[in-house]
Structures are given as C-alpha cells and as structure tokens.
Amino acid sequence: MLSKNRPVDSRRSVLLPDGTVAPGAKSRMEEEFLLEALRWMMKSRLYDQRVIALQRQGEFGVYSPGMGQEASIIGSAMAVDPARDWMVPQYRELMATVHHGLPLEVITAQYLGKIGPARIPDGVRVLPTQVSIAAQLPHATGLAWGLRLRGEDSVVIAYIGDGGSSEGDFHEALNLAGVVKAPIVFFLQNNQWAISTSRRVQSATRSFALRAAGYGLEGAEVDGNDVMAVFDVTSEAIARARSGGGPTLIEAVTYRMGFHNTTDNPSRYQDPKEYEEARSRDPIERVQKYLAALGLWDAKREAALTEELRDENERALQLARSASVPRPEDVFANVYQDPPPRLVRQKAELLDGHDA
Amino acid sequence: MLSKNRPVDSRRSVLLPDGTVAPGAKSRMEEEFLLEALRWMMKSRLYDQRVIALQRQGEFGVYSPGMGQEASIIGSAMAVDPARDWMVPQYRELMATVHHGLPLEVITAQYLGKIGPARIPDGVRVLPTQVSIAAQLPHATGLAWGLRLRGEDSVVIAYIGDGGSSEGDFHEALNLAGVVKAPIVFFLQNNQWAISTSRRVQSATRSFALRAAGYGLEGAEVDGNDVMAVFDVTSEAIARARSGGGPTLIEAVTYRMGFHNTTDNPSRYQDPKEYEEARSRDPIERVQKYLAALGLWDAKREAALTEELRDENERALQLARSASVPRPEDVFANVYQDPPPRLVRQKAELLDGHDA
Amino acid sequence: MTQRNIVEAINSALAEEMEADPRVMVLGLDVGKLGGVFRTTSGLVERFGAERVVDTPLAEASIIGASLGLAIAGMVPVAEIQFLGFTAQGFHQLGPQLGKYRQRSRGRYHCQVTIRAPFGGGIKSPEFHSDAVEAQFVQTPGIKIVMPSNPYDAKGLLLEAIRDPDPVLYCEPDRLYRAGRSEVPDSAYTVPFGKAAVVREGEHVTLVAWSAAVELCMRAAEKLAVEGVSATVVDLRTLVPLDVETLCAQVVKTGRCVIVHEAPLSAGFGAEISATLMEEVFYDLDAPVGRVTAFDVPFPAASLEDHYLPSLDRVVAAVRRTMES
Amino acid sequence: MTQRNIVEAINSALAEEMEADPRVMVLGLDVGKLGGVFRTTSGLVERFGAERVVDTPLAEASIIGASLGLAIAGMVPVAEIQFLGFTAQGFHQLGPQLGKYRQRSRGRYHCQVTIRAPFGGGIKSPEFHSDAVEAQFVQTPGIKIVMPSNPYDAKGLLLEAIRDPDPVLYCEPDRLYRAGRSEVPDSAYTVPFGKAAVVREGEHVTLVAWSAAVELCMRAAEKLAVEGVSATVVDLRTLVPLDVETLCAQVVKTGRCVIVHEAPLSAGFGAEISATLMEEVFYDLDAPVGRVTAFDVPFPAASLEDHYLPSLDRVVAAVRRTMES
Ligand SMILES: Cc1ncc(C[n+]2csc(CCOP(=O)(O)OP(=O)(O)O)c2C)c(N)n1
Ligand SMILES: Cc1ncc(C[n+]2csc(CCOP(=O)(O)OP(=O)(O)O)c2C)c(N)n1
Ligand SMILES: [Mg+2]
Ligand SMILES: [Mg+2]
C-alpha cells in the first residue's frame with residue numbers, strides 16, 4: 001500500500017517568525033534584494049489598507065486583500081523575469097502582477113470599473129485576474145506549452161489557492177502540463193481559507209504538494225510567510241522549467257490575515273485564537289526584524305518608506321480615478337473583432353434609447 | 001523537493017504469468033474460490049467473443065469488450081458483497097455487474113436497444129453503465145457518503161479507466177471522498193489505452209496510484225492480470241472502507257487485449273509486438289496453468305465448462321432477444337415522474353403522426 | 001404569519017423541511033458557519049449539525065454529482081451553487097447527468113435533488129456572478145427550472161422543489177433577496193410548478209417575465225398606467241414546466257405582449273415564449289410580440305450593468321412601440 | 001476540383017491551413033495516429049508531426065482551456081472535442097472563458113481558437129454522442145457558431161473559422177460525414193460567416209434549417225413538390241452571426257415558414273428564428289411559423305432515435321398544416 005501517511009519532504013524555510021535564520025539555512029536572496037522585497041511587501045500591505053478604506057466609502061469594487069500573504073506574493077514574483085516570463089494570476093496576487101510590470105494605476109482602474117484605462121498594456125506579460133476559480137490554470141498550461149512550441153525561453157508562473165486546488169481544472173491543467181512538458185510553475189497559496197471554508201475540509205491530503213507526483217511533476221512545500229524561502233524554491237522551479245526540466249507544483253503555506261473580500265465577515269467562522277497565532281508569523285515583521293538585526297532597518301527608515309509608498313500608491317489611485325469613465329456603448333466593446341450586424345443594431349438601439 | 005522519482009511501493013502480485021506463485025506470496029483466495037473466479041473470467045471472455053460476432057452481423061449495439069482485463073474485472077467484483085455493497089461501473093466491467101447480481105439478459109437487452117427489459121431490477125445494487133467518462137465517480141462518492149449517513153454498512157466500488165483518470169470529475173470525486181470519509185474503493189483499470197491514446201501520453205505520472213496521497217486516500221498498485229492479487233488488494237480496501245478507514249484508490253495494471261469498441265481498428269495505432277507481449281500475460285491462462293499444476297484443470301474440464309458457459313450466455317441472449325421491443329412512445333418514458341403538459345402533448349402528437 | 005424577505009423565506013423553507021424530513025441535507029460552498037454568502041443557510045448548521053449542513057470542497061461538478069449519488073442512497077440533497085454562472089463548472093453533472101439519469105437507468109433511479117443558485121445583475125457583482133443562463137438548462141430536458149420572484153413563492157416553490165422526485169434547478173434573484181418583506185407563513189406550504197401567476201391584470205398589453213424581471217415589469221406597468229396603458233403582468237414562476245395555458249389566455253385577452261428577461265436576447269427563454277405565442281395564438285395577436293432583454297454580449301463590468309440589463313425605460317419604450325403597431 | 005465528402009473536405013481544410021500557416025495545430029482525443037474517431041484528421045500527424053497534431057489526455061476542459069492559452073502564445077489551435085455532447089465537460093472553458101476573454105481582458109487578448117465537434121442523431125451512437133446542444137452556446141456570447149451542411153461549405157467555413165480572430169464552435173453533422181461527395185476545390189477558399197444559403201427556391205413556404213436538417217428539408221421539399229407545394233430551403237450555415245436579412249427576405253417571399261432542427265423544441269435555436277420572424281416580418285406572415293424538432297426529452301436509446309428526431313413525415317405534415325392555415 002502507498003500509505004497516506006508517508007512523510008512529506010520537509011517544508012522549506014529560511015527566515016523564522018522571530019526574524020532569525022533557521023539553523024544551517026541559506027538563501028539566494030542577498031540583503032539588498034531583501035530590502036527590495038520588503039519594499040514590495042509593504043507596498044502591498046499599504047495598498048490593501050488604503051483601498052479597503054476606499055471600498056468602505058463605496059468607491060472601490062469588491063476587493064480581496066493579500067494581507068498576510070505578502071511573502072508568497074512578492075517572493076514568487078521576484079523569481080520570474082518580467083521581460084520574458086508570463087504571469088497568470090487568480091485575483092489575490094495583485095502586487096505580484098504589478099511587480100511583473102502591470103502599472104498599479106491600470107489594475108486599480110479595473111477595480112474602479114474603468115474599461116480602456118484598465119487594459120493590460122501591450123508588452124506586459126500578465127493575463128487578466130480570474131474570478132472563475134481555477135479556470136486560469138488550463139490557460140496557463142496552454143500558454144506555457146505554446147511558448148515552448150514557439151521556441152521562446154519563457155516560463156509561466158500560475159497562481160491558485162487552496163480552494164481552487166479542488167476544482168477539476170486544477171487536475172486537468174497539471175496533468176496536461178506534465179504530459180506536454182510545459183515550462184510552468186504552479187504556485188499554490190494555501191492561505192487556509194476558501195472564503196469561510198477551512199483548509200481542513202478542503203482536502204484530506206496532508207499536503208497539496210503531494211499531488212505533484214500524481215502528474216509526474218516536481219513538488220515542493222515552502223513556508224509561505226518566509227520571503228527568502230519562497231524566492232529560493234520558486235527560483236529553482238523556474239530555472240528547472242526554463243531548462244526543459246518540466247513543471248513544478250509549489251505549495252506555499254501561509255495564512256489569510258484579512259477577510260476573503262470586502263463583502264466578507266470572518267467573525268462568523270474564524271477562531272480569533274487562530275488568527276492571533278497567524279499574526280505572530282507575519283511575513284513582513286520577520287523581514288524587518290532580520291534587517292534590523294543587521295542594522296539595515298529601524299523606525300525612521302520604516303516611517304520614510306511608508307510615506308514614500310503611500311505616495312506612490314496614492315499617485316496610482318489618482319491616475320486611475322482621473323482616467324476616462326466607461327460610456328454606455330462600452331457594453332459592446334471587445335466582444336468580437338468585427339461586431340455582427342445584430343450587435344451593431346443593438347448598439348444603435350442602446351444609443352438611441354430604443355430597444356430591439 | 002518532493003521528487004517525481006520517489007519509488008512507488010511495489011506492485012502487488014501473487015500469480016505470475018507462467019502460472020506459478022511469486023516467491024513468498026500468499027493469497028486469501030482458496031482453490032475453490034479460484035475455480036469460481038476462472039469460471040467468471042471465462043464466461044466474460046466467451047460472452048465478449050459471442051457478442052462481437054453478433055455486432056459484426058449488425059444485431060448488437062456498440063460494445064467494448066473486457067478481453068485481457070478479466071482478472072481485474074472479476075477479481076475486484078468477487079471482493080464486494082452483492083447483498084450490501086454497491087457497484088458503479090464505467091462500461092467495460094459488464095461481467096463485474098453481472099457478478100454483482102445484474103442478470104446477464106438485462107444488460108444484454110440494453111445493448112439490443114431494449115428499454116423496459118434493460119432496467120436494472122430492484123434490489124440489484126448496480127448503477128447504470130456510464131458512457132460520459134468519469135461522470136460516474138462523483139455519483140459514486142455521493143452514494144458512498146449517503147450510505148454512511150444512513151448508517152448502512154455498505155461499501156461502494158467504482159470503476160474508472162486510465163483515460164478517465166484525466167477528467168476533472170476524477171479529481172473532484174476522489175478529493176470529496178477523502179473529505180467526507182466515504183466508504184468507497186476507486187478501482188482504476190489501467191489497460192494502457194483510451195481508444196487510441198496511449199497510457200504514456202495520458203499522464204506523466206509513473207503510477208496513477210500515487211494520486212491517492214494527494215487526496216488523503218490509501219493507494220495501491222496491483223498486477224491487474226493477476227486475479228489473486230486483485231482480489232486480495234480489493235478485499236483489503238473494502239474491509240478498510242467498511243470499518244471506517246476511508247477510501248482507497250487501486251490501480252490495476254492490465255492490458256486491453258481487444259479493440260476499444262466494435263467501431264475501432266487498433267491496427268492504426270497499436271504496435272503488434274506490444275500486443276503479443278501482452279498476450280503472454282493473459283489473465284485466464286495463468287489461472288488455468290496454476291490449477292492444472294494442482295491437478296484441478298485439464299483440457300476436458302475446459303471443454304466442458306466452455307460448453308456450459310456458452311449455453312448460459314446463449315440463454316441470456318435468447319431472453320434478451322425475445323424481450324419486448326421499444327414502442328415509439330418509449331421516447332417519453334422515464335423522463336419525469338409526472339410528465340409536464342408539453343410532453344403529454346408532444347407524446348400525443350408523436351402517436352397521432354402529427355407534430356407540434 | 002411573519003413578514004419575510006426572500007433570504008428569510010428560503011431559510012425558513014430549508015429549516016422547515018430539514019425539521020420534517022431527516023433525509024434532507026444542505027451542501028455547498030460556505031453553507032455552514034458562514035450561512036452562505038447571502039445568508040440563506042444561516043443558522044442551519046447550528047441547528048442540524050455538520051453532517052446535514054456541509055461545507056464542501058470548491059468543486060461544483062462534485063457538488064452536483066455527489067448530490068445525485070446521495071439521492072440514490074436515499075438522502076434528499078439541497079445543494080447550493082454559489083452563483084448560477086458557476087453551474088458552468090458542473091454543467092455535465094447538472095444537465096446531462098441529473099437530467100438524464102432517470103431515463104438512462106430506465107426508470108430504476110430518480111434524482112430527488114434540488115440545486116439552488118443565486119443569479120442576476122443589479123448588485124454590482126464581479127464577473128460571472130450575474131450571468132442569467134437559465135435557458136441553457138431548458139435544452140437539457142429532465143430538469144425542472146424554477147424562478148421565484150417574491151418571498152411567498154420563494155418558500156412555496158422551494159418546498160415543492162425539495163419534495164419533487166425529479167431534479168430541480170432553483171434560481172434565486174439576488175437583487176431582490178432583501179428588496180422587501182411580505183407575508184410568508186411560518187408553516188410549510190407549496191406553490192405548484194407549471195402555474196404562472198397573473199400578478200397584475202390589465203387590458204392593453206401583457207408583460208411576461210420571471211425572477212427579478214417581474215419586479216421591473218411591475219414598475220413599468222405602474223409607469224404605463226399613468227399614460228393610460230393598462231398592463232397585465234404574468235410571472236411564469238417555472239420555465240419547465242411551462243404554463244402555456246395561462247400565458248396564452250392572458251395574451252389573447254390583451255392582444256399584445258412584451259417579454260422581459262435578464263439573459264441575452266439570442267436564444268434566451270424569451271424566444272421560446274415568443275415562438276410559443278406564434279404557434280398558439282398568432283391570430284389573436286394585434287401586434288408582434290416584443291422582447292426586452294440584455295444584449296448579445298457577455299455580462300459587462302459592473303460599472304456598465306445598468307446599460308446592459310433591461311431597464312425601466314427600455315421596457316416602457318417597447319410597450320409604447322407595441323401599442324403603436 | 002475533387003469530389004469530396006464532408007470528412008475529406010474537413011481533412012483537406014486542416015491540411016491546407018497547416019501547410020500554409022505554421023502556427024496552426026490540431027489537438028484533441030485520438031486525433032493523431034487514429035486520425036480521429038471519424039478520420040477527419042487522418043494523415044495529419046504523419047505529415048505535420050506529433051508536436052502539431054497532438055493526442056491529448058482525456059479532459060475536455062483542458063483541451064479547450066489550453067487552446068485559449070496556446071492562442072495567447074501565438075499558436076492557432078484547432079481543437080477537436082470528440083462529440084459535441086462532451087463540450088459539457090468543458091462548458092466553463094468554452095462559453096464563459098473563450099467567449100468572454102476578449103471582453104474581460106479589455107481587448108488585450110483575443111482567442112483565435114476553433115473548436116470542432118461532431119454531433120447529431122441518425123447513426124445509432126451511444127448516449128451523449130448525438131446531443132444537439134448548439135443553442136446553449138448562443139447564450140454565451142463571444143463565440144461564433146458554425147453549422148456546415150455539405151462538403152463545400154464544410155471546407156470553406158472551416159478555413160474561415162481557423163482564420164477568424166474570434167473563437168468559433170464548428171459543429172459537424174456526423175450523419176452526413178460520408179453521405180455523398182461533391183465538388184470541393186483542392187486549394188484554400190473561405191465561405192463567409194453570417195451569410196445564409198438559399199439552397200432551393202420555392203414559392204409557397206420557406207424551410208429553415210442548419211447542419212444535417214438541411215438535407216432533411218431538401219428531401220421534404222422534393223416530396224412536397226409532388227403535391228404541388230413549392231418550398232424554399234434556407235441553410236443558415238452560422239447561428240452566430242445570424243443572417244437575419246436573408247432569413248426575413250425569404251420568408252416574406254413565401255409568407256409561410258417551418259423551422260427544422262435536431263435539438264429539443266423548448267429553447268432550441270428554432271425559437272430564436274421564430275421570435276426573430278415575429279419581430280421582423282409579422283405583418284408579412286400568412287400563417288404562424290412552425291417548428292419541427294426533437295421532443296423535450298433527453299436523446300433516447302439509439303433504438304428509438306427515429307421516433308425522436310424530426311422525420312420526413314413530420315416535416316411534410318407540418319408544412320401541410322402551415323399551408324392550410
Ligand atoms: C468556479 C467558482 N466557484 C465559486 C466561486 C466563488 N468564490 C470566489 S473566491 C472563492 C474561494 C477561493 O478560495 P482559494 O482558491 O483558496 O483562494 P483565496 O480566496 O483563498 O485566495 C470562492 C468559492 C468562484 N469565484 N468561482
Ligand atoms: C467525457 C467523454 N469524453 C470522451 C468520450 C469518448 N470516449 C469513449 S471511451 C474513451 C476512452 C476511455 O478510456 P479509459 O478511461 O482508459 O477506459 P477504457 O476504454 O480503456 O476502458 C473516450 C475518449 C466519452 N465517452 N466521454
Ligand atoms: Mg485560500
Ligand atoms: Mg483505458
């Protein structure tokens with residue numbers, strides 16, 4: 001029997017919750033790079049805080065913050081090359097897509113209901129956020145497969161959640177990726193929740209990374225609150241994919257420190273103790289502690305950077321706000337290259353205030 | 001990293017292709033029981049041969065024979081209890097369903113296009129054959145879950161192929177089964193083919209049984225041409241499920257010795273050498289050799305049993321043939337408990353030779 | 001009698017029936033402690049326990065497919081698909097499997113399964129959440145399709161659905177969930193399938209709708225009354241079975257008809273209504289039957305939904321045109 | 001020019017386009033050595049290699065979803081779903097994803113993807129293989145829906161589909177695959193979308209159909225001619241875009257119309273045709289538009305298909321009734 005209790009190879013970890021490095025652990029991430037990571041993680045947290053406030057005032061669309069998951073989001077994004085690699089998000093990786101070249105004002109414009117201004121600019125190798133859970137994974141596999149067929153040396157990183165891992169699309173996409181040797185890394189953020197549904201009832205598996213073997217992929221589990229380990233594991237997987245070594249499934253074990261989205265109320269289902277415990281493993285604080293111990297971080301620097309990032313975020317928000325608002329006829333935009341006569345007529349009817 | 005090259009726990013095997021028992025191997029199957037298994041396996045092979053001939057003459061519907069897979073089909077069926085357990089077939093396990101209590105004339109009538117006479121009799125715990133690949137698996141999980149909720153001590157055995165293992169339904173059904181601790185055994189017949197698609201391009205996994213761990217199930221790989229090993233592995237899994245130990249995924253490694261179905265022509269895609277090699281591992285011959293060595297089998301007994309089984313099969317065929325043929329209004333049978341007025345009218349129109 | 005909105009009416013139906021019939025269970029995403037994203041299952045897990053109110057993994061096909069199996073085991077599952085648009089992920093289990101199972105088993109098995117799902121625009125949901133795809137399931141016969149528009153019907157039709165031996169797709173108008181309360185009995189009662197409701201009687205034109213569009217038609221009728229046009233409003237309540245009789249009788253009375261729905265025009269269920277009227281009452285029509293629907297494009301960004309969905313102005317304008325022809 | 005049946009016409013279109021455009025690739029179940037279960041892809045893997053003609057795992061959603069990704073990478077995938085009924089397994093990737101991708105990406109990405117699938121009754125297939133579910137995809141806008149009925153159109157429409165920057169669902173009438181050969185040019189040519197063909201001109205009644213039902217209508221027209229009823233037959237060719245102009249012009253000429261399709265009656269695409277005629281040419285109709293379709297039940301066992309599908313007798317009877325009213 002293949003026991004369900006066979007051990008998982010250990011969860012990769014470098015930077016411990018207290019800001020010290022695990023005994024014997026080493027990372028590819030140098031200090032300067034880590035400061036850069038911290039910058040992005042803080043930017044993400046600050047953006048979340050800002051737009052949640054805005055949403056409460058009715059100005060922002062339904063929004064899912066990445067709070068608590070910044071190490072996963074940024075550590076993975078820093079391992080891919082925006083100039084040649086592609087990123088396929090679900091929806092909670094907003095700042096990863098920004099790191100990958102999507103201007104913050106563009107993705108912000110999307111949440112403000114804009115159309116044209118929310119278009120991903122040409123040349124930015126990011127697919128749109130995906131609300132239909134796991135539907136992005138077959139796309140990602142096809143994209144990676146196609147890049148290989150076209151002889152490009154690009155790799156795809158595709159995001160998915162613990163909830164999304166239960167969808168049939170997850171299975172089909174990973175299996176196909178193994179068969180066609182697609183250059184792809186599936187990055188599963190296990191944040192312990194799918195809305196109110198606990199990881200414990202999402203699957204009886206001990207580790208989602210164990211699924212890799214069932215598709216002939218490499219698998220890895222990593223402390224998703226440890227930006228150094230996330231970066232390392234993802235970098236290795238990307239390098240392997242790029243050199244023809246096939247796909248990897250990475251499970252980043254993290255915790256959703258916010259609500260599911262701005263319509264959610266976790267107090268109905270979340271144990272406050274669990275939440276408090278998760279806070280003690282905050283991915284940002286541990287980096288700050290680590291850098292502080294090296295003399296590279298202190299309250300002053302934090303205040304300065306916070307202000308700088310707030311300004312950056314605010315500029316993006318202003319740009320998004322001032323971008324053109326949708327016109328009624330945008331209902332008909334971007335459906336077909338050449339709209340069929342029926343649509344042309346419907347559009348005219350809408351504009352005339354008439355109907356069919 | 002969880003290596004994709006981690007070894008699979010060994011494939012279970014008792015009875016070797018040459019009819020000897022593997023060194024040190026033991027089976028729960030006693031000689032008498034093995035004779036019974038041989039009977040059913042031969043019955044299956046003879047039935048296949050008969051109806052393929054009939055199909056060639058245009059009397060039988062599209063049919064997928066079980067040739068080469070008799071050890072998997074019968075060994076697994078003998079491990080479940082028709083009086084309390086449920087069987088959920090795909091379509092190639094016809095003789096397993098017969099072993100489970102479905103009269104051969106009933107399932108034969110289905111292939112002859114009959115309606116009423118093809119109804120699974122009340123009390124027979126078999127679901128209908130499923131043409132929509134893998135769609136039966138969520139049903140099977142739900143059924144097992146429901147049996148547990150209703151406090152019955154029944155177990156479900158559900159069949160699936162190597163091809164079917166790629167469908168999203170496979171993933172969703174196995175994952176849910178793990179979560180709700182459904183008393184179920186998923187029996188995957190890996191016969192190396194999905195129509196013309198080779199196992200090699202169906203998945204990059206070394207073993208489908210490896211998938212069990214990804215759902216928190218037990219997993220086992222077994223020589224699917226070895227009826228003793230199949231029976232043993234399945235019996236253990238059934239016992240575990242019955243005692244609350246949760247689901248198992250069994251991969252029976254076998255070979256499809258016939259065509260996919262009666263419309264198929266394997267010469268377009270199959271390597272004749274591979275086929276010949278598979279024939280040398282015939283599941284029936286090895287049992288006959290084993291029993292012959294024990295003095296329990298010889299040409300005379302074979303001839304006598306063959307004749308007896310042919311007669312049995314022929315009687316079922318005659319019963320199915322003489323059963324009532326469908327009437328036009330059967331188009332409307334069994335859709336709703338109480339047909340809505342629109343259907344009542346459509347039925348009247350059909351019978352009047354009118355239409356809507 | 002208590003005043004209830006649709007959320008409360010549904011919750012009350014579920015609670016009643018779980019109390020009355022121990023085989024009834026609720027499953028789906030977040031139906032447990034959260035009580036569903038719209039709170040329709042609120043309080044049920046506390047009352048009936050986690051074995052009968054089950055948060056499932058995020059996998060629609062298995063929610064629907066497992067419900068089929070649960071029904072064969074003798075349970076009476078009421079499954080929630082978080083939004084109707086996500087039935088797409090379980091389409092093969094809903095239309096082809098649930099719908100055909102009685103037929104393909106030659107009547108040996110039937111599927112006493114209810115699939116509930118909210119849908120519809122007007123609440124600025126993210127993409128896929130608003131899609132009105134009810135007509136797709138009319139093309140997979142074997143399923144009944146139920147479209148309540150108000151609290152009373154919501155409870156009565158849901159109880160009828162749960163008790164129906166055949167599979168039922170029960171679509172909930174999320175825009176109206178909390179739009180208002182009305183009298184809903186505390187005890188159990190059913191509203192039969194296949195009986196349209198004439199929710200307003202008029203002389204000049206018949207408006208035909210279901211689900212949230214009924215409310216829109218009522219508003220249109222009021223506005224039209226001011227201009228002297230008196231409109232009948234027919235709430236179909238169920239698309240399968242379809243109450244052809246009431247539909248035709250009302251249209252014959254007024255001679256004119258406008259159909260309103262939230263799904264795109266082409267091949268929406270409005271087409272079926274129009275075609276049916278063509279076949280049944282052609283000679284009684286004083287003007288061509290009109291349709292006011294969403295346009296033939298995917299549901300757009302929430303910021304555009306008001307331009308996409310049938311509006312009061314569009315309904316009124318269509319009626320005016322019908323009156324003039 | 002060569003005489004070709006539909007299988008050969010499709011095969012020729014695929015070979016031509018793969019030769020002309022290295023981005024074109026074929027993927028699906030058994031499309032390689034087997035050449036597809038109906039042999040439409042026969043010889044392609046030998047000619048273009050296993051990287052461009054790919055036997056995929058048995059998983060429809062990933063075949064369709066991966067095609068979307070392949071298109072974004074710059075390939076031009078032509079995916080085969082073994083039978084149209086099995087698009088149900090990939091429904092969410094076909095309607096909601098392929099159909100919406102251009103819109104949801106604000107035009108940044110489009111999906112030059114063709115999904116081919118055989119369908120239709122009359123060849124005694126096992127269950128699910130015959131289901132005519134085309135109307136379902138009309139309710140997921142963004143997809144074009146193509147329904148060839150003869151070898152010439154099969155090739156020209158397929159080339160048009162492959163070159164179309166938008167996603168196309170191309171449905172093949174399996175009953176007619178080898179029903180007869182006709183002239184099909186060896187070289188590449190296209191048949192435009194949204195142009196119905198008037199395949200027979202008559203005076204008294206217009207028969208409207210697509211795919212295999214066109215052949216049925218032609219037989220009915222011949223039979224009716226004997227009784228002195230002269231019928232026009234319109235082959236819609238594509239359901240999206242729909243050629244409302246030709247449709248209306250032909251029906252206005254004859255004043256009478258019968259629509260024939262293999263899908264169930266309720267909410268089939270015939271309803272859309274009837275409703276469109278209601279709206280566009282009501283005052284030119286001499287009789288109500290009729291429909292001859294399959295019944296509102298799931299496709300039955302193959303032994304019953306002749307009673308389920310629209311038959312020559314039913315079409316002729318419907319025309320007679322239309323002529324009398
Ligand atoms: C196919 C589908 N089903 C249901 C939903 C509703 N829904 C939105 S987010 C979500 C939970 C997703 O959980 P997970 O994949 O873990 O991602 P997370 O939100 O934790 O980042 C659900 C069920 C959806 N958007 N798509
Ligand atoms: C959903 C679906 N897709 C495609 C098919 C067509 N089809 C019928 S059998 C088959 C191969 C099945 O292979 P496998 O699961 O290995 O079972 P086997 O035939 O080998 O017993 C395919 C692709 C189908 N019936 N259902
Ligand atoms: Mg999650
Ligand atoms: Mg197989």
Side-chain angles (χ1 to χ4, degrees), chain A residues 61-62 64 91 110 112-115 118 128-135 161-170 194-198 201-203 260-261 263-266 268-270 325-336 339-340 342-343 346-347 349-350 352-356, chain C residues 28-39 42 45 50 54-62 82-83 85-86 88-90 92 124-129 258 264-266 290-311 313-315 317-318 321:
Chain A
V62 176
S64 290
Y91 48 72
Q110 180 186 304
L112 294 179
K114 308 289 169 92
I115 303 298
T129 49
Q130 181 62 262
V131 164
S132 188
I133 300 289
D162 47 325
S165 76
S166 297
E167 286 281 4
D169 275 353
F170 174 90
I195 309 186
S196 76
T197 304
S198 158
V201 292
Q202 195 61 247
S203 178
H260 166 64
N261 67 25
T263 71
D264 183 34
N265 174 10
R268 287 183 72 97
Y269 55 81
Q270 196 178 41
V325 297
R327 300 152 308 166
E329 60 264 42
D330 285 337
V331 162
F332 294 93
N334 305 319
V335 179
Y336 299 99
R342 246 198 174 179
L343 274 199
Q346 289 179 8
K347 183 171 169 178
E349 284 155 2
L350 173 69
D352 290 2
H354 294 313
D355 69 70
Chain C
L29 306 182
D30 308 298
V31 296
K33 279 195 200 159
L34 184 64
V37 285
F38 290 106
R39 309 292 182 267
S42 194
V45 72
V54 186
D55 280 338
T56 61
L58 208 181
E60 286 78 9
S62 67
Q82 207 152 51
F83 288 90
F86 301 129
Q89 265 77 355
H92 58 293
K124 307 245 183 277
S125 296
E127 50 179 358
F128 303 106
H129 289 60
V258 171
L265 178 81
S266 292
R291 290 182 284 171
V292 182
T293 70
F295 299 113
D296 284 329
V297 299
F299 204 103
S303 54
L304 285 163
E305 68 179 359
D306 292 342
H307 303 296
Y308 170 73
L309 293 168
S311 64
D313 285 350
R314 287 174 62 213
V315 175
R321 254 175 299 123

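Note that the coordinates shown come from a computational prediction; the quantities given were computed from them, not determined experimentally. Letters A, B, ... are given to chains in the order of the sequence lines, protein chains preceding strands, and every chain is numbered from 1.
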Pair Gln82(C)-Ile195(A), side-chain contact (heavy atoms from CB on, under 4.5 Å): steps then yes or no
CA-CA 11 Å; Gln82(C) 207 152 51; Ile195(A) 309 186; 3.7 Å; yes

Specify the closest pair of heavy atoms between [X] and [Y], including all atoms of both residues, with the distance to one decimal.
{"X": "Val62(A)", "Y": "Pro126(C)", "value": "CB-CG, 4.1 Å"}
{"X": "Ser42(C)", "Y": "Arg268(A)", "value": "OG-NH2, 3.0 Å"}
{"X": "Ala194(A)", "Y": "Leu58(C)", "value": "CB-CD1, 4.5 Å"}
{"X": "Ile133(A)", "Y": "Gln89(C)", "value": "O-NE2, 4.2 Å"}

Engaged part of Glu127(C) at the chain A interface, taking heavy atoms whose separation is under 4.5 Å
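Both backbone and side chain of Glu127(C) come within 4.5 Å of chain A.
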
At a heavy-atom separation under 4.5 Å, does Val31(C) approach chain A through its side chain, its backbone, both, or neither?
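Neither part; nothing is under 4.5 Å.
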
Going by the rule side chain to side chain donor-acceptor pair (under 3.5 Å), which residues pair with Ser266(C) if we only count those two or more places apart in sequence or in a different chain?
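Result, side chain to side chain donor-acceptor pair (under 3.5 Å) vs Ser266(C): Arg342(A), Asp296(C).
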
Give the intermediate values and the outcome of side-chain contact (heavy atoms from CB on, under 4.5 Å) for residues Val297(C) and Val331(A).
CA-CA 8 Å; Val297(C) 299; Val331(A) 162; 3.9 Å; yes

At what distance, to the nearest 0.5 angstrom, does CG of Leu304(C) lie from CG of Asp330(A)?
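Spacing of CG (Leu304(C)) from CG (Asp330(A)) equals 6.0 Å.
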
To the nearest 0.5 Å, how far apart are CG in Asp55(C) and CD in Gln202(A)?
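Rounded to the nearest 0.5 Å, the CG-CD separation comes out at 9.5 Å.
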
With sequence neighbours left out, write down each residue that passes side-chain contact (heavy atoms from CB on, under 4.5 Å) with Asp306(C), or none if nothing qualifies.
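side-chain contact (heavy atoms from CB on, under 4.5 Å) list for Asp306(C), sorted by chain: Lys124(C).
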
Heavy-atom pair count under 4.5 Å with chain C, highest-scoring of Val131(A), Ile115(A), Asn265(A), Val335(A)
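Result: the option with the highest number of such pairs is Val131(A).
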
